[in-house]
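Throughout, residue positions are numbered sequentially from 1 according to the sequence presented.
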Amino acid sequence: MNSLIEHQILRSIADGFKLLGNAVSPSLYPYSWFSTLHAARISLLFQSHTFRLKTHSVLGWKTYIGGFCLMSWGGMILSHILLNLPPPVLYASQFWVNYISVHLFLTLVFSRMSPLLADVDLLSTMDLLLFPLDAMLRVNAVVGTLDHLSPGSPSHESISPVLINSPLFHFILGCTASAGGGVIAASLGVWNPNWGSGGFTPVFLRKGPRSPLRSALSTLDVWGGGLVAVIYGLSTFHVAFRPLLSVLAPYAYAFALVDIQPVKPFSSSDGKCLAAAVLIVLFGTRALAAKLHVSEPAPAANKGNSHRT
């Protein structure tokens with residue numbers, strides 16, 4: 001029964017990935033739902049920052065579009081630099097057309113509805129409704145980057161074997177592909193007229209919430225990408241994780257309550273779905289925690305201050 005449920009969950013996620021890989025309109029707008037929805041989510045997040053900080057009206061168009069593009073593609077650019085490969089945005093014009101057109105369209109749509117994107121409660125509700133999509137978009141970006149490390153990739157021969165065979169590099173690459181754009185954008189403060197005015201300390205290194213759970217959830221975008229890379233590498237038996245698999249295998253057999261068959265490696269698509277299932281749970285936990293935190297009533301004012309002596 002459990003295996004059937006797990007199969008159905010992974011199958012549903014696989015169907016979702018297949019759907020998101022289709023073009024919005026093959027003839028009118030031949031860009032995938034993956035990139036289009038990613039651009040939409042980044043645009044809404046970028047605009048919400050500008051409205052809440054009241055910088056929307058003072059940003060020039062070059063700053064407005066440049067900051068959005070950096071926030072959208074920062075992870076791709078950084079991860080390709082780590083791989084010593086040219087970032088696709090340097091030679092593929094479709095990225096520019098796809099992302100900027102979505103950003104300008106949503107800018108027009110919300111130009112008269114700025115209070116909506118400044119409403120923290122509404123944004124937390126949106127995150128709670130869209131956390132499966134957000135997780136799948138992250139996993140797609142991470143796995144797409146990790147595929148460069150696979151033997152069948154055309155880029156495989158161009159990448160140092162030291163990096164290909166390092167589990168640590170897989171983890172770092174996953175973190176970078178997942179959160180590179182957001183980290184760069186927040187570190188530079190791209191929603192401000194003058195970038196860097198708030199300092200250059202990466203956001204995940206800044207002091208966070210005191211609660212260990214809240215602190216972990218606040219940096220989920222970063223370490224969640226690394227976790228996806230590890231799950232994907234382990235489940236597909238990537239050569240970098242084989243030493244780790246050989247260490248873990250005896251423990252799996254020792255603690256099994258019944259005889260288990262030798263585990264076979266997942267296909268690339270199944271490993272991607274497994275990683276997505278884990279990240280969906282984590283993103284859902286964060287979205288629910290954020291919604292509950294926003295919904296908490298404000299602390300009552302000190303009653304002693306309401307009486308004059």
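The 12-atom threshold is exceeded at CH2 of Trp223, counting heavy atoms of other residues, nucleotides or ligands nearer than 6.0 Å. Atom OH of Tyr29 sits in a crowded spot, with more than 12 heavy atoms from other residues, nucleotides or ligands closer than 6.0 Å. Counting heavy-atom neighbours within 6.0 Å of Asp15 CG, excluding the residue itself, gives a total above 12.
You'll find the ring centres of His238 and Tyr232 outside the 6.0 Å limit.
Interatomic distance, Thr63 OG1 to Phe68 CZ, rounded to the nearest 0.5 Å: 15.0 Å. In this structure, Phe204 CZ and Ser215 OG are separated by 12.5 Å, a value rounded to the nearest 0.5 Å. One finds the CZ atom of Phe266 at 11.0 Å from the CG atom of Leu234 (value rounded to the nearest 0.5 Å). Atom OG1 of Thr201 is separated from atom CZ of Arg206 by 6.0 Å, given to the nearest 0.5 angstrom. Here the straight-line distance linking atom CD1 of Ile159 with atom CG of Leu85 works out to 5.0 Å at 0.5 Å rounding.
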Quick one: do Leu188 and Leu70 satisfy side chain to side chain contact (heavy atoms under 4.5 Å, CB included)? Show the steps, please.
-> CA-CA 10 Å; Leu188 294 178; Leu70 190 59; 3.7 Å; yes
Going through the checks in order, is the side-chain hydrogen bond (donor to acceptor under 3.5 Å, both in side chains) test met by Ser35 and Ser32?
-> CA-CA 6 Å; Ser35 59; Ser32 74; 3.3 Å; yes
Determine, step by step, whether Gln47 and Ser43 satisfy the side-chain hydrogen bond (donor to acceptor under 3.5 Å, both in side chains) criterion, reporting the C-alpha distance in whole Å, the side-chain angles of both residues, the deciding distance to 0.1 Å, and the verdict.
-> CA-CA 6 Å; Gln47 290 187 68; Ser43 178; 3.1 Å; yes
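With contacts defined as side-chain heavy-atom distances shorter than 4.5 Å, the pair Leu44/Phe110 qualifies. Side chains of Leu288 and Leu292 form a contact here, defined as non-hydrogen atoms less than 4.5 Å apart. Counting only heavy atoms from C-beta outward, the side chains of His170 and Leu163 never approach each other to under 4.5 Å.
Cluster annotation: Val183 is not connected to Phe169 through the hydrophobic network of ILVMFWY side chains, with a link wherever side-chain heavy atoms come within less than 4.5 Å. Val222 and Ile81 end up in different hydrophobic clusters when Ile, Leu, Val, Met, Phe, Trp and Tyr side chains are linked at under 4.5 Å. Residues Val281 and Val278 are members of separate hydrophobic clusters, defined by side-chain heavy-atom contacts under 4.5 angstrom among Ile, Leu, Val, Met, Phe, Trp and Tyr. Following chains of ILVMFWY side-chain contacts shorter than 4.5 Å, one cannot reach Ile13 starting from Leu19, and the two form parts of different hydrophobic clusters.
With a 4.5 Å cut-off between side-chain heavy atoms of Ile, Leu, Val, Met, Phe, Trp and Tyr, the cluster of Leu217 takes in Leu213.
Taking the six-membered ring where the residue is Trp, Trp191 and His49 present parallel rings, their angle staying beneath 30° rather than reaching 60°. Relative ring orientation between Tyr64 and His56 is described as perpendicular, the plane-to-plane angle rising above 60° on a 0-90° scale split at 30° and 60°.
Checked options Val102, Leu106, Ile100; the residue passing with Leu104 is Ile100 (criterion: side-chain contact (heavy atoms from CB on, under 4.5 Å)).
Salt-bridge formation is detected for the pair Asp221/Arg286: a Lys NZ or Arg NE/NH1/NH2 atom is positioned less than 4.0 Å from an Asp or Glu carboxylate oxygen.
For residues 50-79, no pair satisfies salt bridge (charged side-chain N to carboxylate O under 4.0 Å, His left out), with sequence neighbours left out. Sorted by first and then second residue, the salt bridge (charged side-chain N to carboxylate O under 4.0 Å, His left out) pairs with a member in residues 18-44 read Arg41-Asp127, Arg41-Asp134; sequence neighbours excluded.
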